[in-house]
Number of protein chains: 2
Amino acid sequence: MPLTADEIERSALEILDRYGLGDLSMRRIATGLGVAPGALYWHVANKQQLLIGLARRIVGDPEPLDGPWQSAVGQWARSLRSRLLEHRDGAELVASAVALADPVDADHPDALAPAASLGRLLVAAGMSAGDAVAAADTVLHFTLGQTMAWQSRAQFRELGITGPGAVSDSFDLGLELIIDGMQNRVSTTQR
Amino acid sequence: MPLTADEIERSALEILDRYGLGDLSMRRIATGLGVAPGALYWHVANKQQLLIGLARRIVGDPEPLDGPWQSAVGQWARSLRSRLLEHRDGAELVASAVALADPVDADHPDALAPAASLGRLLVAAGMSAGDAVAAADTVLHFTLGQTMAWQSRAQFRELGITGPGAVSDSFDLGLELIIDGMQNRVSTTQR
DNA sequence: ACCTGAACACCGTTCAAGT
DNA sequence: ACCTGAACACCGTTCAAGT
């Protein structure tokens, strides 16, 4: 039976997890599927689009967020972070896909815009639309960047290039700091 | 007269600015210098190290920061941002170099750690060492991520793939939000 | 010491031709 | 409709051999 885009993406994710982003080539995916390299291009436009598809899979659907907005923001960020950490080079892949897929707004529901749900939550909590977008972007970029650095350090450690001993994980500290900063926007804007 | 590492880096920066990160290959740099590809490897360990060197050049030396800490933090971030925007794909290049060069701490003064000076400033302003590292990292990752997304959107726009009209620049909003969040850490820790 | 020539082991992508 | 074979135009890196 014929190849499908879904099969290609699943196979690509396996290579990513086992060998890393640097070894994720179209030719390797094709070999893994027992197919000629050119065959992939019947199902997938090009490598960039394939990577965006992988990023979408890694990020997944937004969790339902409950409780007061402060803890919902924390939940959102920690959930994104843990999804990124489930795959080798997950943060790096998603960070560049977010930039590439960027036309990120409203009318383009297909965009890779994980912060959209967070933005809506912040509006519901009392933020202006502009502040909510900026605040959601802040949490998103912080999470992607911090996780990317953390993950690449972790991979160095696995290779024994230990560098400085356990760099304490400052993710939660940074996250709280951002949530604190949001407080003003919510209470200021609320009537 | 012989080639130097400095010459190679300068030549690489020109290619970056004119053709972008995707076209920045060792072979192209060599051609630009009128030299065989292998010649570069006498002066530079490999492409990764060369990219880290470029990132160091782009980031440059820390500006002297003055005034109250709140405005110094703003200065720091805006200065980093404008340096990233001076080069095509500057944010993307520096973001990945920061992750790659990571063993980022103390004893390794050669690391690409632009947030170090910011961390010292925050300690001087009254933060604990741990909070200062986390806060500086937050500003750094936010700045890299936001600028990377902004820059790639800007490049799409140049190609006419306009996507959504002028997405308003939420950099300053996000930055203020983070600075607000820092306030608590400074005043809480201060005696 | 510094560089060339030439090779090795790869890439992404296209496209006629087959089934 | 879906895939193969084969090509095109590239990569990063190594290393004997030259000067």
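Computation of the quantities below employed the complete heavy-atom set of this structure, encompassing side-chain atoms and omitting hydrogens, waters and symmetry-equivalent molecules. Just so it is clear: chains get the letters A, B, ... in the order the sequence lines come, proteins before strands, and each one is counted from 1.
- In this view, B/Asp89 satisfies the salt bridge (charged side-chain N to carboxylate O under 4.0 Å, His left out) rule with no residue, not counting sequence neighbours.
- Here side chain to side chain donor-acceptor pair (under 3.5 Å) pairs that include residues 16-26 of chain B, with residues two or more places apart or in two chains, are B/Asp17-B/His87.
- With A/His141 contributing its side chain and B/His141 its backbone, the two residues share no donor-acceptor pair below 3.5 Å.
- Among residues two or more places apart in sequence or in another chain, the side chain to side chain contact (heavy atoms under 4.5 Å, CB included) test is passed with B/Thr31 by none.
- Classification of B/Asp61 and B/Arg56 as a salt-bridged pair fails, no side-chain N sitting under 4.0 Å from a carboxylate O.
- Heavy-atom nearest nucleotides on DNA chain C were determined for B/Thr4 and for A/Ser25, and the one closer to the 5' end corresponds to B/Thr4.
- Position along DNA chain C of the nearest nucleotide to A/Asp23 versus A/Ala39 favours A/Asp23 as the more 5'-ward residue.
- In this structure, A/Glu86 has no side chain to side chain contact (heavy atoms under 4.5 Å, CB included) partners at least two apart in sequence or on a different chain.
- A heavy atom lying under 4.0 Å from DNA chain D marks the following residues of residues 43-55 of chain A, by number: A/His43.
- Where DNA chain D meets chain A (any atom under 4.0 Å from a heavy atom), the bounding nucleotides read 5' to 3' are D/dA1 to D/dA7.
- A donor-acceptor contact shorter than 3.5 Å is absent between the side chain of A/Thr147 and the backbone of A/Leu144.
- A/Ser96 contributes a side-chain N or O that, together with a main-chain N or O of A/Leu93, makes up a donor-acceptor pair within less than 3.5 Å.
- The number of heavy atoms from other shown groups lying within 6.0 Å of CD (A/Glu7) is above 12.
- No donor-acceptor distance shorter than 3.5 angstrom exists from the side chain of A/Asp137 to the backbone of A/Leu140, with no hydrogens or angles considered.
- Across the P atoms, D/dC10 and C/dA9 are found 22 Å apart, a figure rounded to whole Å.
- Every residue two or more places apart in sequence or in another chain was checked for a salt bridge (charged side-chain N to carboxylate O under 4.0 Å, His left out) with B/Arg120, and none qualifies.
- Listed in residue order, the members of residues 30-38 of chain A having a heavy atom less than 4.0 Å from DNA chain D are A/Val35, A/Ala36, A/Gly38.
- Secondary-structure annotation of DNA chain D gives the stems C:4-8 with D:12-16, C:12-16 with D:4-8, with a stem taken as at least 3 successive Watson-Crick or G-U pairs whose two distances both fall under 3.5 Å.
- Contacts between residues 5-15 of chain A and DNA chain C, counted as heavy-atom distances below 4.0 Å, involve no residue at all.
- Within the 3.5 Å criterion, the main-chain N or O of B/Ala77 finds no donor-acceptor partner in the side chain of B/Thr143.
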A/Gln146 and B/Thr138: CA distance, side-chain angles, deciding distance, side-chain hydrogen bond (donor to acceptor under 3.5 Å, both in side chains) verdict: CA-CA 8 Å; A/Gln146 225 275 1; B/Thr138 302; over 6 Å; no
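- By the side-chain hydrogen bond (donor to acceptor under 3.5 Å, both in side chains) test, B/Arg78 pairs with B/Asp172, sequence neighbours left out.
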Donor-acceptor pairs are to be reported for all side-chain atoms of residues 33-41 of chain A against protein atoms at under 3.5 Å, with residues two or more places apart or in another chain.
none

